[in-house]
Amino acid sequence: MTPKPPGPPDGGWGWVVAAAAFAVNGLSYGLLRSLGLALPDLAEHFDRSAQDTAWVSALALAMQQAASAGWALVFAPALGTLSRYFSRRRVLAVGLALTGNGVSSLLLAPALQLLLDAFGWRGALLLLGAVTLHLTPCGALLRPLSLPGDPEAPPLNPLAALGLGLFKRRAFSVFALGTALIGGGYFVPYVHLAPHALDRGLGGYGAALVVAMAAVGDSGARLVCGWLADQGWVPLPRLLALFGALTGLGLLAVGLVPAVGSEDDWGGPLLAAAGAYGLSAGSYAPLVFGVLPGLVGIGGVVQATGLVMMLMSLGGLLGPPLSGFLRDETGNFTASFLVCGSFILSGSFIYLGLPRALPSCRPTSPPATPPPERGELLPVPQVALPPPGGPRSTLDTTC
């Protein structure tokens with residue numbers, strides 16, 4: 001029997017798992033983000049409203065995250081397995097894997113527009129389906145890893161097997177509620193950013209450029225935020241609430257951008273707003289999965305990842321159709337982005353109930369060694385107190 005390693009290896013085969021998760025993220029969320037370019041063609045062909053066609057992407061989101069079908073079979077295991085391979089550099093590894101979303105969007109948005117022009121929506125979707133088949137070898141690279149603290153046998157209780165007992169932990173319940181609310185607005189740009197650009201007067205390739213701009217900001221921010229979070233300068237829950245709020249503000253800015261004069265206009269204000277949204281949304285993404293081991297322990301991180309995706313799917317199922325309904329009622333996507341941005345701001349406010357999300361008023365003693373990742377504490381490195389009269393400490397405090 002192969003002995004268990006003393007902890008996550010923080011490298012080795014973990015980098016192969018990170019590369020597989022990168023491809024999985026690109027071929028799932030990255031592809032979905034670009035599908036908004038096809039919605040106007042679908043609406044015209046089937047003579048349906050924006051609300052009706054939004055259900056296409058909304059159902060895809062819900063199925064991929066909550067059901068044992070399609071993308072759901074690879075995304076949750078990929079992120080959960082990756083979290084088990086890393087400890088000190090976990091958020092950076094997750095951020096690296098999640099950049100697949102932005103890189104894929106950057107490449108697929110203009111490519112999908114070309115396919116739509118050349119083959120129509122049917123041919124374009126058939127070709128995208130063929131590209132998605134590359135998820136199969138990615139799953140083969142997810143080598144299981146046994147770690148100390150893992151249960152000796154799988155739980156027999158169905159509720160325990162699904163990880164529903166995690167909701168008994170107050171911190172995870174707060175996190176779950178905030179994440180479900182954020183899911184109601186987070187995926188709206190995946191579906192309606194391109195149609196919003198078209199409504200603002202941009203042409204097809206101008207709308208693709210807007211999606212690509214958001215993707216560039218998204219990709220870069222995931223790496224930078226992953227590195228920043230692993231430094232331990234700011235507690236992860238605090239970063240989570242901050243970048244969640246900035247994502248909501250970014251959506252508000254996208255919704256308030258005025259229309260352009262002609263299709264030849266590249267829409268500078270909308271490009272800037274989309275870039276700002278991409279930066280904030282990209283910073284938020286790795287923190288959602290990076291904070292989980294500190295809330296539930298490394299042994300429950302795969303179950304927790306699946307639950308988080310299920311909760312986000314609830315919002316993802318309702319957000320895009322609500323956005324489409326508001327578009328049909330008002331004639332544009334302004335109200336859609338304002339309402340969905342408000343959902344994200346509300347969820348970010350709830351995150352303030354997480355441990356260490358808010359600075360407090362009394363310094364605490366730093367632990368002699370980093371806390372074990374068993375879920376009782378968030379793994380936040382702390383800074384030693386200076387001698388009296390020295391520089392002001394950045395140590396987190398508590399009341």
Side-chain angles (χ1 to χ4, degrees), residues 25 29-30 32-33 36 91-92 94-106 109 175 178-194 196-197 210-231 233-257 268-291 308 312 315-316 319 323 333-334 336-352 354 357:
N25 191 247
Y29 282 100
L32 186 63
R33 172 177 280 178
V91 186
L92 176 61
V94 171
L96 176 63
L98 293 181
T99 56
N101 182 334
V103 173
S104 177
S105 300
L106 179 63
F175 174 80
T179 301
L181 278 173
I182 286 179
Y186 189 83
F187 296 108
V188 168
Y190 282 58
V191 182
H192 284 149
L193 181 57
H196 176 56
V210 170
V211 175
M213 177 62 72
V216 169
D218 189 296
S219 298
R222 294 183 187 219
L223 285 175
V224 174
C225 186
W227 174 84
L228 173 66
D230 282 335
Q231 304 310 304
W233 297 328
V234 182
L236 292 185
R238 200 172 302 168
L239 287 174
L240 186 69
L242 171 63
F243 286 115
L246 290 176
T247 302
L249 293 175
L251 274 186
L252 298 183
V254 169
L256 293 173
V257 168
L270 184 55
L271 283 173
Y277 155 76
L279 287 170
S280 53
S283 299
Y284 168 81
L287 296 170
V288 174
F289 298 101
V291 77
V308 167
M312 294 195 78
S323 174
F333 284 103
T334 298
S336 302
F337 281 90
L338 294 181
V339 170
C340 294
S342 300
F343 278 140
I344 296 180
L345 288 173
S346 299
S348 303
F349 178 78
I350 290 175
Y351 281 155
L352 296 178
L354 291 172

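Both backbone and side-chain heavy atoms feed into the values below; hydrogens, waters and symmetry mates do not.
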Undergrad: side-chain contact (heavy atoms from CB on, under 4.5 Å) for Leu338 and Leu256? Distances and angles first, verdict last.
TA: CA-CA 8 Å; Leu338 294 181; Leu256 293 173; 3.9 Å; yes
Undergrad: Using side chain to side chain contact (heavy atoms under 4.5 Å, CB included) as the criterion, list what pairs up with Ala197, not counting sequence neighbours.
TA: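 Partners of Ala197 by the side chain to side chain contact (heavy atoms under 4.5 Å, CB included) criterion, ordered by chain and then number, come out as Leu202, Ala207, Val210, Leu270.
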Undergrad: Parallel, tilted or perpendicular for His196 and Phe333, by the 30°/60° rule?
TA: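 Geometry flag for Phe333 against His196: perpendicular rings.
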Undergrad: Among all residues two or more places apart in sequence or in another chain, which pass the side chain to side chain contact (heavy atoms under 4.5 Å, CB included) test with Leu242?
TA: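 Once residues adjacent in sequence are excluded, the partners of Leu242 under the side chain to side chain contact (heavy atoms under 4.5 Å, CB included) criterion are Leu246.
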Undergrad: Which heavy atom of Val288 sits nearest to which heavy atom of Phe175, and what is that distance?
TA: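 Nearest pair, atom of Val288 first, then Phe175: O-CZ, 3.5 Å.
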Undergrad: So, for Gly100 and Asn25, which heavy atoms are closest and what is the spacing to 0.1 Å?
TA: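 Closest approach of Gly100 to Asn25: C-OD1, 3.8 Å.
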Undergrad: Looking at CD1 of Ile182 and OG1 of Thr247, how far apart are the two atoms once the value is rounded to the nearest 0.5 Å?
TA: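 Separation between the atoms: 7.5 Å.
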Undergrad: If I compare all heavy atoms of Ser283 with all of Ala221, which pair ends up nearest, and what's the gap?
TA: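 It is OG-CB, 3.4 Å.
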Undergrad: Could I get the full list of side-chain hydrogen bond (donor to acceptor under 3.5 Å, both in side chains) partners for Tyr351, not counting sequence neighbours?
TA: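 Here the qualifying residues are Thr179, Tyr284.
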Undergrad: For the residue pair Phe289 and Leu98, establish whether any side-chain heavy-atom pair is separated by less than 4.5 Å.
TA: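 They are in contact (side-chain heavy atoms under 4.5 Å apart), so the answer is yes.
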Undergrad: Kindly write out the residues that satisfy side chain to side chain contact (heavy atoms under 4.5 Å, CB included) with Leu287, not counting sequence neighbours, or none if the list is empty.
TA: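 So Leu287 forms a side chain to side chain contact (heavy atoms under 4.5 Å, CB included) with Val91, Cys225, Ala229, Leu236, Leu239, Leu240, Phe243.
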Undergrad: The criterion is side-chain hydrogen bond (donor to acceptor under 3.5 Å, both in side chains); which residues satisfy it with Ser336, sequence neighbours excluded?
TA: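 With neighbours one apart ignored, the set is Ser323.
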Undergrad: For the pair Leu223 and Leu96, evaluate side-chain contact (heavy atoms from CB on, under 4.5 Å) and give the outcome as yes or no after the intermediate values.
TA: CA-CA 6 Å; Leu223 285 175; Leu96 176 63; 3.7 Å; yes
Undergrad: For Val103, what residues pass the side chain to side chain contact (heavy atoms under 4.5 Å, CB included) criterion, not counting sequence neighbours?
TA: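 Listed in chain order: Phe22, Leu107, Ser219.
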Undergrad: Is any side-chain heavy atom of Tyr277 closer than 4.5 Å to a side-chain heavy atom of Leu249?
TA: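 They are not in side-chain contact.
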Undergrad: Any chance you could measure Leu279, atom CG, to Met213, atom CE, to the nearest 0.5 Å?
TA: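 The CE atom of Met213 is 9.5 Å from CG of Leu279, to the nearest 0.5 Å.
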Undergrad: Less than 4.5 Å apart, any side-chain heavy atom of Leu252 and any of Leu345?
TA: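 Yes, close enough: below the 4.5 Å cut-off.
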Undergrad: Which pair of non-hydrogen atoms, one from Gly178 and one from Ile350, has the smallest distance, and what is that distance?
TA: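 Closest approach of Gly178 to Ile350: N-CG2, 3.8 Å.
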Undergrad: Search all heavy atoms of Phe337 against all heavy atoms of Pro189 and return the closest pair with its distance.
TA: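 That closest heavy-atom pairing would be CE2-CG, 4.2 Å.
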Undergrad: Show the nearest heavy-atom pair for residues Cys340 and Val188, with the distance to one decimal.
TA: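 Shortest heavy-atom separation between Cys340 and Val188 comes out as SG-CG2, 3.2 Å.
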